[in-house]
Amino acid sequence: MEEMKKNFKKKVLDNGLTVLFEKRDLPIASVCFAVKSGGIQEPLEEKGVSHFIEHMLYKGTKTRNNKQIAEEIEKRGGELNGFTSEEATGYWCKMPAKHLGTALEVLGDVVRNPQFDEKEIEKERKVIFEEIKMRHDVPQVYVFDEIQKCLYSGSLSIDLIGTYETMNSITRKKLVESFKKIYSPENMILTVVGDVDFNEVLKYAENMFPSDKKSEEIQEQPLELKNESRTETRAGVDQANLVLSYHVPTAEDSEGGDYAARVLSSLMGEGMSSRLFSEIREKRNLAYSIKGEAEINKRFAYNFVYVGTTKERVGEVKKLILGEFKKVAENLSEEELEQIKEQLIGNYLISIEDSQEQMTELLFSEVHSKAEDFYEFEKRIREVKLNDVRKLADKVVKGNYSFFALLPEDKNN
């Protein structure tokens with residue numbers, strides 16, 4: 001990992017833009033422009049505006065229409081996409097390294113010069129309405145949206161994508177105002193991973209943005225933690241989908257509690273060797289799909305366990321989940337802890353093979369704290385103590401969790 005860290009560079013330019021760079025030998029480059037703002041910064045009445053802006057920035061600039069944006073990347077063998085999260089919004093491509101200039105020029109144009117054409121806004125609004133419907137209609141997606149509402153009040157209690165009401169209220173004026181407020185170089189991160197020259201990246205970045213454009217201060221929205229359990233029924237659903245989730249330390253935790261949370265998540269539900277996969281699927285055949293994950297961010301963090309089972313087995317499955325947490329709280333051994341640490345470190349090493357994955361990890365490490373922390377992952381995981389993991393599990397045992405289940409409607413009703 002030290003060798004990889006030697007290939008990392010970071011610089012904050014005079015115009016305020018932060019540039020993250022990691023040199024790779026393969027002739028591929030992954031490039032992303034991102035702003036340190038997403039759904040969690042949005043007032044309740046504007047929820048979804050960051051996601052709306054993300055859609056619109058690929059719809060055309062002053063010099064390129066949406067087709068030209070896509071063609072300049074894809075006709076050179078590249079991939080192009082964007083994302084909106086609660087804490088960042090990004091625009092990225094992955095392509096042969098020899099076309100770095102094209103990647104920077106096209107993405108730079110996208111984040112500097114969007115048109116926000118009225119006709120395109122209305123067309124894209126309809127697309128987002130369809131996306132809202134999709135998220136509602138797919139149970140495996142819907143339950144994850146709902147569990148977050150069981151964990152938080154405030155901005156995180158409304159879907160990142162927004163609602164029909166907020167989407168209908170967001171005008172072109174609001175999109176432009178939000179864009180101007182957020183999309184300045186001092187609030188932006190450029191991340192490049194690949195076989196390219198760092199100085200070439202810096203030269204492009206320095207020339208792309210004026211030094212005098214300053215962003216307004218982005219107000220933090222209120223965020224309150226809670227624990228809530230809810231169940232819904234729905235016609236046309238054949239499988240029960242359930243999520244059990246619990247608050248864990250955030251990425252800002254100075255004592256490394258977020259790494260203990262990652263260990264506990266992996267132990268409980270990540271992979272076919274996890275405790276819950278073994279207990280619920282392999283031993284009892286109560287489910288096909290079981291997974292767990294740690295959602296660690298700067299201002300909020302939680303772990304979750306998802307299970308797809310039958311309606312009649314929901315109570316039994318929930319009891320088994322809590323039973324495994326109790327076993328961990330009382331009996332987790334140093335030997336099993338070390339095995340999970342090795343699993344996490346191995347997964348980490350495999351993930352960094354892909355330049356796009358590495359680009360994303362460096363970006364979010366910078367959003368959460370600083371990009372250099374990414375290279376400390378193995379060290380921080382090895383520092384996790386047995387008692388730290390047991391304590392987190394014990395909080396769940398004592399009832400500090402949220403639960404949501406979407407169940408099939410009784411056909412007799």
Side-chain angles (χ1 to χ4, degrees), residues 147 150-151 225 227-229 240-251 253-296 301-310 313-350 377-405:
I147 195 64
C150 294
L151 289 163
L225 280 61
N227 282 311
E228 180 179 284
S229 293
N241 295 266
L242 63 91
V243 183
L244 187 145
S245 185
Y246 51 101
H247 298 287
V248 298
T250 69
D253 179 57
S254 60
E255 298 181 359
D258 55 323
Y259 287 90
R262 289 180 171 94
V263 169
L264 181 56
S265 177
S266 184
L267 173 70
M268 298 305 293
E270 297 180 24
M272 292 188 291
S273 61
S274 66
R275 279 178 168 251
L276 291 173
F277 192 95
S278 298
E279 184 69 22
I280 295 172
R281 174 169 165 165
E282 294 302 307
K283 184 177 178 180
R284 302 175 188 272
N285 308 118
L286 295 177
Y288 170 74
S289 181
I290 299 170
K291 66 177 180 179
E293 193 171 314
E295 180 69 35
I296 310 294
Y302 58 88
N303 285 2
F304 68 78
V305 174
Y306 163 84
V307 181
T309 186
T310 63
R313 298 290 193 180
V314 168
E316 181 181 0
V317 167
K318 181 180 178 182
K319 184 177 179 180
L320 288 168
I321 293 172
L322 295 174
E324 285 303 310
F325 275 99
K326 189 171 189 296
K327 291 176 186 177
V328 170
E330 295 176 352
N331 301 313
L332 179 64
S333 67
E334 287 285 359
E335 181 182 5
E336 188 174 9
L337 177 63
E338 291 305 311
Q339 290 173 347
I340 291 300
K341 288 181 180 181
E342 287 300 324
Q343 178 179 325
L344 274 167
I345 292 166
N347 291 340
Y348 164 78
L349 293 173
I350 289 171
F377 182 88
E378 180 174 350
K379 176 177 177 291
R380 300 298 296 275
I381 288 293
R382 293 203 184 280
E383 290 173 347
V384 171
K385 300 293 190 295
L386 182 71
N387 198 45
D388 296 333
V389 181
R390 283 182 168 182
K391 281 182 177 180
L392 277 178
D394 191 53
K395 288 183 179 180
V396 178
V397 174
K398 291 177 177 175
N400 296 302
Y401 64 84
S402 292
F403 180 82
F404 181 79

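Values reported hereafter were calculated over all heavy atoms of this structure, with side chains retained and with hydrogens, waters and symmetry mates removed. All residue numbers refer to positions in the sequence shown, counting from 1.
- Listed here is the closest heavy atom pair of A301 and T250: CB-CA, 3.8 Å.
- Of all non-hydrogen atoms in F304 and V243, the two that sit nearest each other are CB-CG1, 3.8 Å.
- Among residues two or more places apart in sequence or in another chain, the side-chain hydrogen bond (donor to acceptor under 3.5 Å, both in side chains) test is passed with K398 by D394.
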Practice prompt. With side chain to side chain contact (heavy atoms under 4.5 Å, CB included) as the test, would you mind laying out the steps for F403 and K318 before giving the verdict?
Written response: CA-CA 9 Å; F403 180 82; K318 181 180 178 182; 3.9 Å; yes
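- Of the listed residues (E336, Q343, Q339, E324), just one forms a side-chain contact (heavy atoms from CB on, under 4.5 Å) with L267, and that residue is E336.
- S265 approaches G292 most closely through the heavy-atom pair OG-C, 3.9 Å.
- Remark: F325 pairs with Y246 by the ring pair (Phe, Tyr, Trp, His ring centres under 6.0 Å) rule, at least two apart or across chains.
- Sorted by first and then second residue, the salt bridge (Lys or Arg N to Asp or Glu O under 4.0 Å) pairs involving residues 256-271 (not counting sequence neighbours) are D258-R262.
- Rounding to the nearest 0.5 Å gives a distance of 4.0 Å between CG of L276 and CE of M268.
- Taking every heavy atom of both residues into account, V248 and A261 meet most closely at CB-CB, 3.6 Å.
- Taking both residues in full, the closest heavy atoms of G257 and L392 are given as O-CD1, 4.3 Å, listed atom of the first, atom of the second, then distance.
- Legend: residues meeting ring pair (Phe, Tyr, Trp, His ring centres under 6.0 Å) with Y306, ordered by chain and number and at least two apart, are F144.
- Note that the OH atom of Y401 and the CG atom of N303 stand 15.5 Å from one another [nearest 0.5 Å].
- Judged as a salt bridge (charged side-chain N to carboxylate O under 4.0 Å, His left out), and not counting sequence neighbours, K385 has no contacts.
- Not one N or O on the side chain of K341 forms a donor-acceptor pair closer than 3.5 Å with the backbone of E383.
- Scanning for side-chain hydrogen bond (donor to acceptor under 3.5 Å, both in side chains) contacts around R382 gives E342, E378, with sequence neighbours left out.
- Here the side chains of R275 and V328 are in contact, with some heavy-atom distance below 4.5 Å.
- In this structure, the side chains of I381 and V263 come closer than 4.5 Å at one or more pairs of heavy atoms.
- With values rounded to the nearest 0.5 angstrom, I340 atom CD1 is found 6.0 Å from S273 atom OG.
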Discussion item. Using the rule given for side chain to side chain contact (heavy atoms under 4.5 Å, CB included), can you reason through L242 versus F404, listing the C-alpha separation, both sets of side-chain angles and the distance that settles it, and then say yes or no?
Written reply: CA-CA 6 Å; L242 63 91; F404 181 79; over 6 Å; no
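- A search for side-chain hydrogen bond (donor to acceptor under 3.5 Å, both in side chains) contacts involving R313 returns E316, not counting sequence neighbours.
- Under the side-chain contact (heavy atoms from CB on, under 4.5 Å) criterion, E330 pairs with K326, not counting sequence neighbours.
- Partners of K319 by salt bridge (charged side-chain N to carboxylate O under 4.0 Å, His left out), not counting sequence neighbours: none found.
- Under the 4.5 Å side-chain criterion, counting only non-hydrogen atoms from C-beta, L151 is not in contact with L225.
- Residues that satisfy the ring pair (Phe, Tyr, Trp, His ring centres under 6.0 Å) test with Y302, not counting sequence neighbours, are absent from this structure.
- A side-chain contact (heavy atoms from CB on, under 4.5 Å) with I280 holds for exactly one of I321, T309, V305; it is I321.
- Judged as a side-chain hydrogen bond (donor to acceptor under 3.5 Å, both in side chains), and not counting sequence neighbours, S245 has no contacts.
- Residue S402 comes nearest to S229 through the heavy atom pair C-OG, 4.5 Å, listed as atom of the first residue, atom of the second, then distance.
- Residues satisfying the side-chain contact (heavy atoms from CB on, under 4.5 Å) criterion with E334, sequence neighbours excluded, are L337, E338, L386.
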